[in-house]
Amino acid sequence: MKSLNITKICEMLKCGAACIADNCEYINKLNVFPIPDGDTGTNMKITTEGGANAIAKNNFANLSDLAKAYSMALLMNARGNSGVIFSQIIKGFTLNFSDSTTELLLSDLLNSFTLAAKQAYKSVSEPVEGTMLTIIRLTAEKVNEKKEGFASIESLFEYVVKTSKEILAKTPEMLAILKEAKVVDSGGYALCCFFEGMRNALKQKNNNGAVSKDNSFSLNFDDSSFLDTNEGFGYCCEFLLSLGAKVTLKQKNKIPFSLTSLKKKLKAIGDSLVVVVDNNIVKVHVHSTSPNKVLEIGARYGEFIKVKIENMTLQFIEKNPNTTLAASYINESAKANLKTSKVLINTQKLIATVPTDAIEKFFIENLKVDHCINYGVDGAPSIQRFLNAFKSVKSSNIICIVDDKNFIFACQEAIKMVSKGIHVSLIKTSNISISYLVCLAHNPLLKFNVNVKNLNRITNNHYATISKSIKKIKFQSVKINENDYIGFFDNRIIVSDKNIKVVFSSLINRLSRNFSHKNKNKELIIMTNVAKEDENIKWLKNNTLKKYLSNLTTIDLGDSNSYIYHFTIG
């Protein structure tokens, strides 16, 4: 086969999604952490199924229409880091789908892999090797080296499947955390499944493109390793720019756009730079202490469609924050569908992501949260689900509190899509107990910007979590046995023991050591996810805790196994 028609391309994309769905639970179980929090398979399944549903009718006039519909559907349904990154890989893959033909040639496909890698890497400020990005990049390089040797599209995809799996097997040598846990990257595994499903459609195997699970990859790392290690102070600046546009006709013409010059000027005054160009639209993200200079630089080339500047001076970014994914192309019809109700109020509204029905009820009834996005019911929230939440509260001032770093990308993309005049501020907490503190501290009598600044400051609070292990493993230098109680300090495992008293006491000691005399009355949080409050914990509250703490409050989250212990040092 030397070319593909639209019908065959749609079949391949749908088989790729079906292959991921077939392997979904397996991918979820391939988890580097010793507690059951792996959801890469679910996220990739939902993302790719959304794309498959969008092309189900297969009534596209040309390749370009197919590409736009499929890419937009992936973006709108993207779940977690893996889903959003995958949507960018596919956006690149389909960039050379022409509006003048319905046939995709072998030569076009060869170029598609290179474009996919470039688009994916452009979307991440500091790519980390050993991830999904590595697999698409090295696969593209290998395909390019051998491009004259492919006699057919079938032989190309045979090579892609074989090569991508070989690269996947090497990911533990590229990323230390994978090597320590003796696992491969789960997002990369899902990408290999997608390629294999596409290959199976060419071979006319079973319609769902199913493949047998490769047990040599017995575990997998949840795809959350795209890190932005900058702890930049100052301002987080983002803008969407229309090149050459002018606010008034009397303005002087803008200077010709130069991507190299723009990056050079912005790097001179900031860091964490991401720049994406899509036709005549430029998206910029940069951390800088001089936001006025950032805007001055951008204004030379055109006019701003949207500007967002957030003060980070009082906000330490989490130890392992996600990168900001550059905005993807959004056509006018999509924008029209995303408009929020015109009847808006200025009253501040709180939206929070929550993991259970019980916590949702607690947040709404006790913390006055206006809307909860319950991912325990429907999985990781999509961009569309965030947009629906923003619309539901009917306010022009919204604070969105997200407790899982895997949801950050989707929330950020949704914020970029809200209508003009609606202000949505994202508060990244990394833990439901810190979300509790943030909601508790919200003061509706304060100005919106003041509240956002105060709440961001609260995310710096230390927290601890107790969970239960589901397997034996050595992780982060801690030996863990099955059914051990595991103590997390912030996001790091520091203790594991069969006795919950040992774990609880160790966490209290660690929390208390992080504060000197000057830090008296600093709020701290411990959350348990293990069992109904029993005699062991009551004993700890009445003995060990009193040595360190004052103002201890116990919050029963109502789901039979979750408690928050809220206290101050002193």
Participant: Using atom types as modelled and distance alone, determine if a side-chain donor or acceptor of Thr94 lies under 3.5 Å from a backbone N or O of Lys91.
Facilitator: yes

Participant: I'd like to know whether Lys416 forms a salt bridge (charged side-chain N to carboxylate O under 4.0 Å, His left out) with Glu413, so could you lay out the CA-CA distance, the side-chain angles of the two residues, the decisive distance to 0.1 Å, and finally the verdict.
Facilitator: CA-CA 5 Å; Lys416 294 169 187 173; Glu413 292 300 315; 3.0 Å; yes

Participant: Could you tell me whether the side chain of Val184 reaches within less than 4.5 Å of the side chain of Pro172, counting heavy atoms only?
Facilitator: yes

Participant: Taking atom CG of Asn5 and atom CD of Glu11, what is their separation to the nearest 0.5 Å?
Facilitator: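 Between Asn5 CG and Glu11 CD, I get 9.5 Å after rounding to 0.5 Å.
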
Participant: Measure the shortest side-chain to side-chain distance between Leu426 and Ile408 over non-hydrogen atoms and say whether it is less than 4.5 angstrom.
Facilitator: yes

Participant: Should Glu196 and Arg199 count as an ion pair when the cut-off is N to O under 4.0 Å?
Facilitator: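 A salt bridge is present here (some side-chain N lies under 4.0 Å from a carboxylate O).
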
Participant: Check for a donor-acceptor pair, side chain of Thr163 on one end and backbone N or O of Val160 on the other, with a separation under 3.5 Å.
Facilitator: no

Participant: For Thr260 and Lys264, test the side chains for any donor-to-acceptor distance below 3.5 angstrom and give the result as yes or no.
Facilitator: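 Absent: no donor and acceptor within the cut-off.
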
Participant: Apply side-chain hydrogen bond (donor to acceptor under 3.5 Å, both in side chains) to the pair Ser261 and Lys265, showing each step before the final yes or no.
Facilitator: CA-CA 6 Å; Ser261 178; Lys265 287 181 171 63; 2.9 Å; yes

Participant: Do Lys428 side-chain atoms and Val402 backbone N/O form a donor-acceptor pair below 3.5 Å?
Facilitator: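 Side chain of Lys428 to backbone of Val402, a donor-acceptor pair under 3.5 Å: no, none is there.
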
Participant: Taking the side chain from Thr139 and the backbone from Ile136, do they hold a donor-acceptor pair closer than 3.5 Å?
Facilitator: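 Judged by distance alone, no pair lies under 3.5 Å.
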
Participant: Could you pull out the closest heavy-atom pair between Ala299 and Lys254, with the gap in Å?
Facilitator: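 Of all heavy-atom pairs spanning Ala299 and Lys254, the closest is O-NZ, 3.0 Å.
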
Participant: About how many Å separate CG of Leu387 and OG of Ser392, when rounded to the nearest 0.5 Å?
Facilitator: 11.0 Å

Participant: Check whether any side-chain heavy atom of Glu158 sits under 4.5 Å from a side-chain heavy atom of Lys203, and report yes or no.
Facilitator: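 Side chain of Glu158 against side chain of Lys203, heavy atoms only: contact under 4.5 Å found.
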
Participant: Which of these, Phe194, Phe409, Phe93, sits in a ring-ring contact (aromatic ring centres under 6.0 Å, His included) with Phe86?
Facilitator: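 Per the ring-ring contact (aromatic ring centres under 6.0 Å, His included) rule, the option paired with Phe86 is Phe194, out of Phe194, Phe409, Phe93.
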
Participant: Quiz question: by atom type and distance under 3.5 Å, do the side chains of Asp403 and Tyr375 form a donor-acceptor pair?
Facilitator: yes

Participant: Measure the acute angle between the ring planes of Tyr26 and Tyr189, then classify it against the limits of 30° and 60° as parallel, tilted or perpendicular.
Facilitator: tilted

Participant: With side-chain contact (heavy atoms from CB on, under 4.5 Å) as the criterion, how do Tyr301 and Ser242 come out once you've worked through the C-alpha distance, each side chain's angles and the decisive distance to 0.1 Å?
Facilitator: CA-CA 8 Å; Tyr301 301 105; Ser242 178; over 6 Å; no

Participant: Just by distance, do the side chain of Ser155 and the backbone of Ser152 share a donor-acceptor pair under 3.5 Å?
Facilitator: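 Yes, because the side chain of Ser155 sits within donor-acceptor range (under 3.5 Å) of the backbone of Ser152.
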
Participant: State, to 0.1 Å, how close Ile89 and Ala120 come at their nearest heavy-atom pair, and which atoms those are.
Facilitator: CG1-CB, 3.6 Å

Participant: Report yes if the side chains of Val354 and Ile373 come closer than 4.5 Å at any heavy-atom pair, otherwise no.
Facilitator: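 They are not in contact (no side-chain heavy atoms under 4.5 Å apart), so the answer is no.
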
Participant: Under 4.5 Å between any side-chain heavy atoms of Leu4 and Glu103, yes or no?
Facilitator: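 Contact flag for Leu4/Glu103 side chains = no.
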
Participant: Step by step, work out the salt bridge (charged side-chain N to carboxylate O under 4.0 Å, His left out) result for Glu166 and Lys170.
Facilitator: CA-CA 7 Å; Glu166 289 173 351; Lys170 296 176 182 178; over 6 Å; no

Participant: For the pair Glu129 and Arg137, find out whether any cationic side-chain nitrogen is under 4.0 Å from an anionic carboxylate oxygen.
Facilitator: yes

Participant: Heavy atoms only: give me the nearest Phe304-Gly298 pair and the separation to one decimal.
Facilitator: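 That would be CZ-C, 4.1 Å.
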
Participant: To the nearest 0.5 Å, what is the distance between SG on Cys193 and NZ on Lys165?
Facilitator: 8.0 Å

Participant: For Lys2 and Ile153, work out which heavy atoms get closest and say how close.
Facilitator: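 So the two residues come closest at C-CD1, 3.7 Å.
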
Participant: Look only at the side chain of Glu154 and the backbone of Met1, and say whether a donor-acceptor pair between them is shorter than 3.5 Å.
Facilitator: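 Answer holds: yes.
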
Participant: For a quick test of reading the model, state the closest non-hydrogen atom pair linking Phe150 to Leu156 and the distance between them.
Facilitator: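 Distance-wise, the nearest heavy atoms are CD2-CA, 3.6 Å.
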
Participant: Compare every heavy atom of Ser82 with every heavy atom of Met44, then report the nearest pair and how far apart it is.
Facilitator: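 Smallest heavy-atom distance, with atoms named: SD-O, 3.6 Å.
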
Participant: Could you tell me if Lys146 sits above the aromatic ring of Tyr159, with its cationic atom closer than 6.0 Å to the ring centre and no more than 45 degrees from the axis?
Facilitator: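 Lys146 over Tyr159 ring: yes.
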
Participant: Could you go through Asp99 and Leu63, starting from their C-alpha distance and side-chain angles, then the distance that decides it, and tell me whether this counts as side-chain contact (heavy atoms from CB on, under 4.5 Å)?
Facilitator: CA-CA 6 Å; Asp99 60 1; Leu63 291 175; over 6 Å; no

Participant: For residues Ser112 and Asn96, is any side-chain donor paired with an opposing acceptor at under 3.5 Å?
Facilitator: yes

Participant: Is it true that, when you exclude Lys8 itself, more than 12 heavy atoms of the residues, nucleotides or ligands shown sit nearer than 6.0 Å to its NZ?
Facilitator: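 Correct, the count exceeds 12.
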
Participant: Mind checking whether Ile269 and Ser288 have side chains closer than 4.5 Å, heavy atoms only?
Facilitator: yes

Participant: Please assess Cys10 against Leu66 for the test side-chain contact (heavy atoms from CB on, under 4.5 Å), listing each intermediate value before the final yes or no.
Facilitator: CA-CA 8 Å; Cys10 289; Leu66 166 62; 3.7 Å; yes

Participant: Is a donor on one side and an acceptor on the other found under 3.5 Å between the side chain of Asn23 and the backbone of Cys19?
Facilitator: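 Judged by distance alone, yes, a pair lies under 3.5 Å.
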
Participant: Quick one: are the ring centres of Phe157 and Phe195 less than 6.0 Å apart?
Facilitator: no

Participant: Does the Asn53 side chain pair with the main chain of Glu49, one donor and one acceptor, at a distance under 3.5 Å?
Facilitator: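 Yes; judged by distance alone, with no hydrogens or angles, the pair exists.
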
Participant: Are more than 12 heavy atoms from other residues, nucleotides or ligands located less than 6.0 Å from atom NZ of Lys293?
Facilitator: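 Count not over threshold, so no.
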
Participant: Between the main-chain N or O of Ser98 and the side-chain N or O of Thr101, is there a donor-acceptor pair closer than 3.5 Å?
Facilitator: no

Participant: Is there a side-chain contact between Thr353 and Asn374 (heavy atoms, below 4.5 Å)?
Facilitator: no

Participant: Heavy atoms, side chains only, cut-off 4.5 Å: are Phe239 and Ile305 in contact?
Facilitator: no

Participant: Begin from the C-alpha positions of Ile422 and Val424 and carry the test side-chain contact (heavy atoms from CB on, under 4.5 Å) through to its verdict.
Facilitator: CA-CA 6 Å; Ile422 300 175; Val424 183; 4.0 Å; yes

